[in-house]
Protein chains: 2
Amino acid sequence: MPHPDPATLIAARGGRVTRTRTAVLSVLFEAGRPISHDEVGEALAAQGIGHDRVTLYRTLDWLVGNDLAHKVAGPDRAWRFNAVRDEGHQHAHFQCDRCGKVFCLESLQPAIAATLPSGFRLGRAELTFHGLCPACPGTTLAPERNRVAP
Amino acid sequence: MPHPDPATLIAARGGRVTRTRTAVLSVLFEAGRPISHDEVGEALAAQGIGHDRVTLYRTLDWLVGNDLAHKVAGPDRAWRFNAVRDEGHQHAHFQCDRCGKVFCLESLQPAIAATLPSGFRLGRAELTFHGLCPACPGTTLAPERNRVAP
DNA sequence: CGCACTAACGCTACAATGTTGCATTAACCA
DNA sequence: TGGTTAATGCAACATTGTAGCGTTAGTGCG
């Protein structure tokens, strides 16, 4: 199964099928990992699709609000977006401390055995690993000294 | 002893013991949970301590770089800082989806059983729970519907 | 104590990321 | 095909964080 059809997914949510929305959703599907607003913009530019910054933000927000995308915090205080595949499927993330890229660890099924203190009502859990990705050289630094390269 | 003495901790790292540093570290100790740069600034103002925005950022960064504070990503792309108590002690966090506050779950010892794909080198893991804190009314929303636009 | 050295401060200016308001365009439906 | 309005695109603004640089004040030493 390749990727679902963006236009179909968008229409199913009651949204208008516009060039920007279908293109953005396609980009997210093809990326396969959470990418920043800026990376989406570059991909659109490569396709010759006009991309106003604000429209892009709003498009991504719409996708998130309609369960077609997820929003995860990146290491540089910029959001990363990835297309939702299996509804309700939980997976962990990996953030590279050197290049700042974020990866989905789809296959990872962490066993989280935890009981929250009373009063806290759990919505969801988010597990993020930090370290170095396969593409980055070097060895892991000591925790707390990890800084993303400028 | 409730909290360690900020001045002693700062001097032990070879840093100069300034009013801003001791005050900021005290504030972090008393907060007991990760607070934003802005909340630190308010606390300093309440003590009548001058607080330049830039100085505050640099002070917090210095504390983080010297293992006296931790930096965790907040829900609103602003960093939260909390004083380090036990060196090397790992703990989970809880983010309230309504008020945005972040809490340390000191007592939580999650059993994370996970194997990373090959090539990834692990530095540290970060476990964050989302939901509603004891102070916020309401019931938890479905995951991913927490930020739906009106 | 008083002085020298320089880390730390605090000001200004700037950069990056994201938001608001509003007029215009184009997707959808009858 | 034409009307309705969701979606777009532009401009201006808000928030969070950085860089440069002259000034202040902690610290060590005589």
Side-chain angles (χ1 to χ4, degrees), chain A residues 6-25 34-42 44-45 47-66 68-69 71-81 100 102 147-150, chain B residues 6-25 34-42 44-45 47-66 68-69 71-81 100 102 147-150:
Chain A
T8 307
L9 291 172
I10 292 166
R13 312 291 162 138
R16 291 188 180 173
V17 180
T18 67
R19 192 176 57 158
T20 303
R21 275 188 189 160
T22 53
V24 168
L25 193 47
I35 58 179
S36 66
H37 155 275
D38 217 46
E39 289 175 285
V40 176
E42 285 170 19
L44 291 190
Q47 295 181 26
I49 295 180
H51 56 295
D52 175 64
R53 244 162 47 85
V54 178
T55 300
L56 203 42
Y57 278 115
R58 288 200 271 235
T59 300
L60 288 166
D61 274 347
W62 185 90
L63 293 175
V64 170
N66 286 271
L68 289 173
K71 197 179 188 179
V72 310
D76 51 2
R77 83 180 203 287
W79 298 111
R80 311 292 157 120
F81 301 84
V102 181
R147 299 293 294 261
V148 174
Chain B
T8 306
L9 291 171
I10 292 166
R13 313 290 163 140
R16 290 189 180 173
V17 180
T18 67
R19 194 175 57 157
T20 302
R21 275 187 189 161
T22 53
V24 168
L25 193 46
I35 57 178
S36 66
H37 155 275
D38 217 45
E39 288 175 286
V40 176
E42 284 171 19
L44 291 189
Q47 296 180 26
I49 295 179
H51 55 294
D52 175 64
R53 243 164 48 85
V54 178
T55 300
L56 203 42
Y57 277 115
R58 287 199 273 234
T59 300
L60 288 165
D61 274 347
W62 185 89
L63 292 176
V64 171
N66 285 271
L68 288 173
K71 199 180 187 179
V72 310
D76 51 2
R77 86 179 200 284
W79 297 111
R80 311 293 156 119
F81 300 85
V102 181
R147 283 175 180 270
V148 173

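Every chain is numbered from 1, with letters handed out A, B, ... down the list of sequences. The structure displayed is predicted, hence computed values, not measured ones.
- Remark: B/Thr18 engages no residue in a side-chain hydrogen bond (donor to acceptor under 3.5 Å, both in side chains) (not counting sequence neighbours).
- For B/Trp79, the side-chain contact (heavy atoms from CB on, under 4.5 Å) partners are B/Lys71, B/Ala73, B/Phe81, not counting sequence neighbours.
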Polar atom pairs (N or O), protein with nucleotides 28-30 of chain C, under 3.5 Å:
{"unit_1": "C/dC28", "atom_1": "OP1", "unit_2": "A/Val17", "atom_2": "N", "d": "2.6"}

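- Taking only side-chain atoms of B/Asp52, from C-beta outward, the nucleotide of C/dC11, C/dA8, D/dG9 with the closest atom is C/dC11.
- Between A/Pro75 and A/Val102, the shortest heavy-atom contact is CD-CG2, 4.3 Å.
- Taking all atoms of both residues into account, the shortest heavy-atom contact from B/Leu25 to B/Leu68 is CD1-O, 4.1 Å.
- B/Arg21 has its CZ atom 11 Å from the P atom of C/dA7, to the nearest Å.
- Comparing the start and finish of the helix from C/dC1-D/dG30 to C/dA30-D/dT1, five pairs each, the helix axis swings through 30°, to the nearest 10 degrees.
- Between the CG atom of B/Leu63 and the P atom of C/dA7 there is a distance of 18 Å, rounded to whole Å.
- In this view, A/Thr22 satisfies the side-chain hydrogen bond (donor to acceptor under 3.5 Å, both in side chains) rule with no residue, not counting sequence neighbours.
- Atom-to-atom, CZ of A/Arg13 to P of D/dA7 comes out at 14 Å; the value is rounded to the nearest Å.
- Heavy atoms only, all atoms of each residue included: A/Gln47 and A/Ala23 are closest at OE1-CB, 4.3 Å.
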Anything under 3.5 Å between a protein N or O and an N or O of nucleotides 17-23 of chain C, put it in a table, one pair a line.
{"unit_1": "C/dT17", "atom_1": "O2", "unit_2": "B/Arg77", "atom_2": "NH2", "d": "3.1"}
{"unit_1": "C/dG18", "atom_1": "OP1", "unit_2": "A/Trp79", "atom_2": "N", "d": "2.9"}
{"unit_1": "C/dG18", "atom_1": "OP2", "unit_2": "A/Tyr57", "atom_2": "OH", "d": "3.0"}
{"unit_1": "C/dG18", "atom_1": "N7", "unit_2": "A/Arg53", "atom_2": "NH1", "d": "3.3"}
{"unit_1": "C/dG18", "atom_1": "N7", "unit_2": "A/Arg53", "atom_2": "NH2", "d": "2.9"}
{"unit_1": "C/dG18", "atom_1": "O6", "unit_2": "A/Arg53", "atom_2": "NH2", "d": "2.8"}
{"unit_1": "C/dG21", "atom_1": "O6", "unit_2": "A/Arg58", "atom_2": "NH2", "d": "3.4"}

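- Taking atom CG of residue B/Leu56 and atom P of nucleotide D/dG17, one finds them 11 Å apart after rounding to whole Å.
- Nearest heavy atom pair, residue A/Pro34 against residue A/Val72, reads CB-CG2, 4.0 Å.
- Annotation: the span from B/Arg21 atom CZ to B/Arg16 atom CZ amounts to 9.0 Å, rounded to 0.5 Å.
- Judged as a side-chain hydrogen bond (donor to acceptor under 3.5 Å, both in side chains), and not counting sequence neighbours, the contacts of B/Thr55 are B/Asp52.
- Rounding to whole angstrom units, CZ of residue B/Arg19 and C1' of D/dG26 are separated by 13 Å.
- Atom-to-atom, CG of B/Leu60 to P of D/dT18 comes out at 11 Å; the value is rounded to the nearest Å.
- Scanning for side-chain contact (heavy atoms from CB on, under 4.5 Å) contacts around A/Arg53 gives A/His37, A/Tyr57, with sequence neighbours left out.
- Remark: A/Thr59 is in phosphate contact with D/dT8, judged by side-chain N or O atoms under 4.0 Å from OP1 or OP2.
- In this structure, A/Ile10 atom CD1 and C/dA27 atom P are separated by 12 Å, rounded to whole Å.
- When the side-chain contact (heavy atoms from CB on, under 4.5 Å) test is applied to B/Glu42, the partners found at least two apart in sequence or on another chain are B/Asp38.
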